[in-house]
Visitor: 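First, the structure itself, so that you have it in front of you.
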2 protein chains.
Amino acid sequence: MADIKSGVNLLFLREEELRQGIEMLFFAYRDFTAEPDVILADYGFGRAHHRVIYFVGRSPGITVSDLLATLGITKQSLSRVLSQLVAEGFIIQTPGLRDRRQRLLELTGKGVALERQLTEEQRQRIARAYREAGAEAVQGFRKVMLGLIDEKDRARFPQRLPARGLPRGRS
Amino acid sequence: MADIKSGVNLLFLREEELRQGIEMLFFAYRDFTAEPDVILADYGFGRAHHRVIYFVGRSPGITVSDLLATLGITKQSLSRVLSQLVAEGFIIQTPGLRDRRQRLLELTGKGVALERQLTEEQRQRIARAYREAGAEAVQGFRKVMLGLIDEKDRARFPQRLPARGLPRGRS
DNA sequence: ATTTTATGTCAGCCATATTGACTTATTTAC
DNA sequence: GTAAATAAGTCAATATGGCTGACATAAAAT
């Protein structure tokens, strides 16, 4: 029992714990994003399309700039995906009222339906994990996850109710 | 106060909570993987190289099959990356003793050094998040993350000490 | 009137993944 | 001992989703 509390052993436990953390993130993200791929393939879409649909659905009326900031990609990368989604009637663009340079993005009915379909499995996966882990564990999960996220992005996760009406960002 | 406990409101809270879960996973993974990219670029490597180096470092002597299963990619995809890492002296292959068809993978000294450098920031990020959240939150985090991971991969995360010597998998 | 901003587009490049077909050693099974 | 299965590798073609750089247009801000 002496060595169990030894420094070396503590270091080993810590190293193992941290590595498991790294790997849990890898596998959770991998398994989590794998599910919608089948559905996306039916539409000739990829994960990039899902992300766009997701975040437009999340913040209806979001500007292109804000969407770019959220996704963390260049406008050229977004362009290909977004044009497709607009062309195929999943997203509509309407000029901003205050600033007519903006093209505010919204899901169409078709877009909402696809978003639902794509995200449903993921929602269920999270719901199941939350349910099985219990409320207290979920609080711990949130706490650690927020610590992992860059400080600049933490404002996206209000403790309780988010402000309604205006989506996040400058818009 | 009446509507706070109403069914609609509960559903909204639940929907919001689940969506935040989805998004936390997205941002955490994004921010988490962004850091090593700078270092990788110096070597002309990408994230795929990091993953290979990481898991070979994690399970020295791992077989190509096991590595493929862990990464969840095809051998053709692995091939390019792995050949590069072998050619540039970050990984060595040695024939398996029991089964000489196998090419067991190990990091060289150079490989270990790079793995350290690449993973160090990630380790620190996790360590900080764990430290700030506290032991109880970490337990909750683990619980939820394991629930998110496909059942088949959960065996990779033993509650306490992993078996020493032989790495996981059939090997 | 000039500059800045929001958005879009063209062109080319790179990394990483895929499928399919085929090869070479080696081990396992009959 | 021969046949079948397995571990690993390779060649070729393709798709996806990023990137940079350069340039265009309209609207807002100075």
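These numbers come from the heavy atoms of this one structure, side chains and all, not from hydrogens, waters or symmetry mates.
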Visitor: If you draw a 6.0 Å radius around CD in Gln124(A), do more than 12 non-hydrogen atoms from other residues or ligands fall strictly inside?
Guide: yes
Visitor: What is the distance, rounded to the nearest whole Å, between atom CZ of Arg98(A) and atom P of dT5(C)?
Guide: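 Rounded to the whole Å, the gap is 16 Å.
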Visitor: Output the residues of residues 75-91 of chain A in contact with DNA chain C, where contact means a heavy atom of the residue under 4.0 Å from an atom of the strand; sort by number or write none.
Guide: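 Residues of residues 75-91 of chain A under 4.0 Å from DNA chain C: Lys75(A), Gln76(A), Ser79(A).
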Visitor: By side-chain contact (heavy atoms from CB on, under 4.5 Å), which residues pair with Asp37(B), not counting sequence neighbours?
Guide: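 Listed in chain order: Leu40(B), Arg47(B).
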Visitor: List the residues meeting side-chain hydrogen bond (donor to acceptor under 3.5 Å, both in side chains) with Arg101(B), not counting sequence neighbours, and say none if there are none.
Guide: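 side-chain hydrogen bond (donor to acceptor under 3.5 Å, both in side chains) list for Arg101(B), sorted by chain: Asp99(B).
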Visitor: Tell me which residues in residues 37-47 of chain A put a heavy atom below 4.0 Å from DNA chain D, sorted by number, or none.
Guide: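 Residues of residues 37-47 of chain A that come under 4.0 Å of DNA chain D are, in numerical order, Gly46(A), Arg47(A).
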Visitor: Do Tyr54(A) and Phe26(B) come within less than 4.5 Å of each other through their side chains, counting heavy atoms only?
Guide: no
Visitor: Who passes salt bridge (Lys or Arg N to Asp or Glu O under 4.0 Å) against Arg125(A), sequence neighbours left out?
Guide: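 With sequence neighbours excluded, Arg125(A) shows a salt bridge (Lys or Arg N to Asp or Glu O under 4.0 Å) to Glu35(A), Asp150(B), given in chain and number order.
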Visitor: dA28(D), OP1 or OP2 - any side-chain N/O from Arg100(A) closer than 4.0 Å?
Guide: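 Yes, such a contact exists.
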Visitor: For Arg123(B), check side-chain hydrogen bond (donor to acceptor under 3.5 Å, both in side chains) against everything at least two apart and list the hits.
Guide: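 side-chain hydrogen bond (donor to acceptor under 3.5 Å, both in side chains) list for Arg123(B), sorted by chain: Glu15(A), Glu120(B).
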Visitor: On DNA chain D, does the nearest nucleotide to Val64(B) precede the nearest nucleotide to Leu97(A) from the 5' side, or the other way round? Give the residue.
Guide: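 Its nucleotide being nearer the 5' end, the pick is Val64(B).
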Visitor: Would you confirm whether Arg154(B), through its side chain, and Leu146(B), through its main-chain N or O, come within 3.5 Å as a donor-acceptor pair?
Guide: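 Pair found, side chain donor or acceptor close to backbone of Leu146(B).
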Visitor: Would you find a donor on one side and an acceptor on the other, under 3.5 Å apart, between the side chain of Ser79(B) and the backbone of Lys75(B)?
Guide: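 No, Ser79(B) side chain to Lys75(B) backbone: no donor-acceptor pair under 3.5 Å.
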Visitor: Report the distance from atom CG of Leu68(A) to atom C1' of dT9(C), rounded to the nearest whole Å.
Guide: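 Roughly 14 Å, once rounded to whole Å.
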Visitor: What is the distance, to the nearest angstrom, from the CD1 atom on Ile73(B) to the C1' atom on dA15(D)?
Guide: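 The distance from CD1 of Ile73(B) to C1' of dA15(D) comes to 16 Å, rounded to the nearest Å.
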Visitor: Rounded to the Å, how far apart are Arg30(A) CZ and dA17(C) C1'?
Guide: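 Checked: the CZ to C1' distance equals 13 Å.
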Visitor: Only counting residues at least two apart or in another chain, list the ones meeting ring-ring contact (aromatic ring centres under 6.0 Å, His included) with Phe32(B).
Guide: none
Visitor: N/O contacts under 3.5 Å, protein versus nucleotides 1-4 of chain C?
Guide:
none

Visitor: Does Asp153(A) have any salt bridge (Lys or Arg N to Asp or Glu O under 4.0 Å) partners at least two apart in sequence or in another chain, and if so, which?
Guide: Arg156(A)
Visitor: State which residues pass side-chain contact (heavy atoms from CB on, under 4.5 Å) with Glu132(B); sequence neighbours excluded, sorted by chain then number.
Guide: Arg128(B)
Visitor: What integer distance in Å separates His49(A):NE2 from dA15(D):C1'?
Guide: 12 Å
Visitor: Just the rounded figure in Å: distance from P of dT6(D) to CZ of Arg103(B).
Guide: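 Atom CZ in Arg103(B) sits about 19 Å away from atom P in dT6(D).
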Visitor: Write down the distance between CD (Gln102(B)) and P (dT28(C)), rounded to a whole number of angstrom.
Guide: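 For the pair Gln102(B) CD and dT28(C) P, the rounded distance is 10 Å.
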Visitor: Ignoring the backbone of Gln93(B), work out which of dC19(D), dT26(C), dG9(D) is nearest its side chain.
Guide: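 Within the option list, the nearest is dG9(D).
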Visitor: At 10 degrees resolution, what angle do the end axes of the helix from dA1(C)-dT30(D) to dC30(C)-dG1(D) form when each is taken over five base pairs?
Guide: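 Terminal axis comparison yields 30°.
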Visitor: State which of dA27(D), dG18(D), dA7(D) makes the closest approach to the side chain of Asp99(A).
Guide: dA27(D)
Visitor: With sequence neighbours left out, write down each residue that passes side-chain contact (heavy atoms from CB on, under 4.5 Å) with Thr108(A), or none if nothing qualifies.
Guide: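 With sequence neighbours excluded, Thr108(A) shows a side-chain contact (heavy atoms from CB on, under 4.5 Å) to Ile92(A), Lys110(A), given in chain and number order.
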Visitor: Please name the residue in the list Arg19(B), Gln20(B), Arg14(B) that meets the side-chain hydrogen bond (donor to acceptor under 3.5 Å, both in side chains) test with Glu16(B).
Guide: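 When side-chain hydrogen bond (donor to acceptor under 3.5 Å, both in side chains) is applied between Glu16(B) and each of Arg19(B), Gln20(B), Arg14(B), only Gln20(B) qualifies.
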Visitor: Nearest 0.5 Å, what's the CZ-CG distance between Phe90(A) and Leu114(A)?
Guide: 5.5 Å
Visitor: Out of dT16(C), dA28(D), dT7(C), which has the shortest distance to the side chain of Ser65(A)?
Guide: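 Output: dT7(C).
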